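Not measured: the values here are computed from a predicted model. Excluded from the calculations below are hydrogen atoms, water molecules and symmetry mates; all remaining heavy atoms, backbone and side chain alike, are included.
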Amino acid sequence: MTDVLFLSHEDVTDLAEPADYVRVVRDAYRQRGEGAAAEPRTKLVNDDPPGMFTTYAAVLPETGVMGGYNYSAGFGARDAWFMTPLFDAESGEPLALLDGASMNPFKTGAAGAVGVDALARADASEVAVIGSGAQARGQLRATATVRDFDAVRVYSPTADHRDAFAAEMAAELDAAVDPVASSAAALDGADVVITATNASEPVIDDANVEPGTHVTAMGQYHSEKNELPPETVARATYVPDLRDRVTRDAGSFIAALDAGLVNEDDVHAELGEVVAGVEPGRTSDDEVTVFDSGGTGIETAAAANLLYERADERGRGATIPFAPASEALTGR
């Protein structure tokens, strides 16, 4: 038997700040760029009741852990549950099981921030946020740790939502945060654009993406989810989190592919390859760059380990006895 630490939502919510998540996620992507194993999501769809069961995982050999998400969404309860198992990468033994919902915007935001740090201009000072939900908050909080922004503009179709987002973020960030009435107004003068929506059609116009802009798109992890115009994808230096997912569920790349504007050779590099220095990132101030963040086990395992280590240090959580197969797999 081995003791596995169970960490509830309440156990982990106060254990890390956005900069902590960015630090461990950056290192995890470096490991991926140097050959660490990771696979895109597997999504199983159920028609009646409508729902999906999704998994993805990664091995982080230097961190010494492996893990990822198992989560369900929809079905009869019309809700979602995120279970995050974490294993020791040396022994293979289970270390922890986390209620992973609360860390989701933080670990996903950290991946976006690593993309901004690797691909945006060093002097980027204005950011446009399209979307005003939990993921948009996570993206902005994390991205603000890698660049000093003077101005933030947020657009969401619902005025009350963008107003509330702006007020909340203005109280947290050392920058002016303004709600605006259109995506064009948000992008006007922006050096960094963050799209965090559930859209099935582009939420920005290519004409509004100025030379030198970096775009992080994180709401397009389905073949029919498409936040970016195909023209933007075609003219950008396009960097996904994992190359293997671009023709599976990277909706904006698939739309550009279907339009005949790109082919698979137009994938510049994975984010990990840029972070590790295996491939270059931005090479000019006029270049448009895109980081396509669909969600992977890379940031998930890194974030889960961060929370596990801190919870263990502080005596948080409850232990669950777990039997290895050598004891339990008896057939009796």
Under 30°, 30 to 60°, or over 60°: which ring-plane class applies to Y21 and F106, parallel, tilted or perpendicular?
parallel
Keeping [X] on the side-chain end and [Y] on the backbone end, is there a donor-acceptor pair under 3.5 Å?
| X | Y | value |
| --- | --- | --- |
| S252 | E227 | yes |
| R153 | V180 | no |
| N46 | P49 | yes |
| R147 | S125 | no |
| E309 | L306 | no |
| T108 | P105 | no |
| N263 | D265 | yes |

Please tell me whether [X] and [Y] have a donor and an acceptor in their side chains that are separated by less than 3.5 angstrom.
| X | Y | value |
| --- | --- | --- |
| K43 | T54 | no |
| T237 | H268 | no |
| E10 | T13 | no |
| R162 | S132 | no |

Determine, stepwise, if the pair R32 / E273 fulfils salt bridge (charged side-chain N to carboxylate O under 4.0 Å, His left out).
CA-CA 7 Å; R32 168 61 185 173; E273 294 173 321; over 6 Å; no
Mind checking the [atom1]-[atom2] spacing from [X] to [Y]? Nearest 0.5 Å is all I need.
| X | Y | atom1 | atom2 | answer |
| --- | --- | --- | --- | --- |
| D191 | E126 | CG | CD | 6.0 Å |
| T42 | R248 | OG1 | CZ | 7.0 Å |
| L271 | E279 | CG | CD | 12.5 Å |
| L7 | R310 | CG | CZ | 13.5 Å |
| L97 | T319 | CG | OG1 | 12.5 Å |
| D99 | T84 | CG | OG1 | 8.0 Å |

Decide yes or no for [X] and [Y]: does some side-chain heavy atom of the first lie under 4.5 Å from some side-chain heavy atom of the second?
| X | Y | value |
| --- | --- | --- |
| P179 | H161 | no |
| S223 | D249 | no |
| D292 | V246 | no |
| V209 | I204 | yes |
| V152 | M169 | no |
| R141 | R137 | yes |
| F149 | V192 | yes |
| D88 | V65 | no |

Between E231 and R235, does any NZ, NE, NH1 or NH2 come within less than 4.0 Å of an OD or OE carboxylate oxygen?
no
Which of these, D117, V25, V114, D27, sits in a side-chain contact (heavy atoms from CB on, under 4.5 Å) with V275?
V114
Just jot down the side-chain hydrogen bond (donor to acceptor under 3.5 Å, both in side chains) partners of T232, sequence neighbours excluded, or say none.
D206
Could you tell me which residues satisfy ring pair (Phe, Tyr, Trp, His ring centres under 6.0 Å) with Y69, sequence neighbours excluded, listed by chain and number?
Y56, Y71, F82
Pairs under 3.5 angstrom only: tabulate donor-acceptor contacts from the side chains of residues 322-332 to other protein residues two or more places apart or in another chain.
unit_1 : atom_1 : unit_2 : atom_2 : d
E327   : OE1    : M1     : N      : 3.4
E327   : OE2    : M1     : N      : 3.1
T330   : OG1    : R332   : N      : 3.2

Exercise: identify the closest heavy-atom pair between R121 and D285
CD-O, 3.4 Å
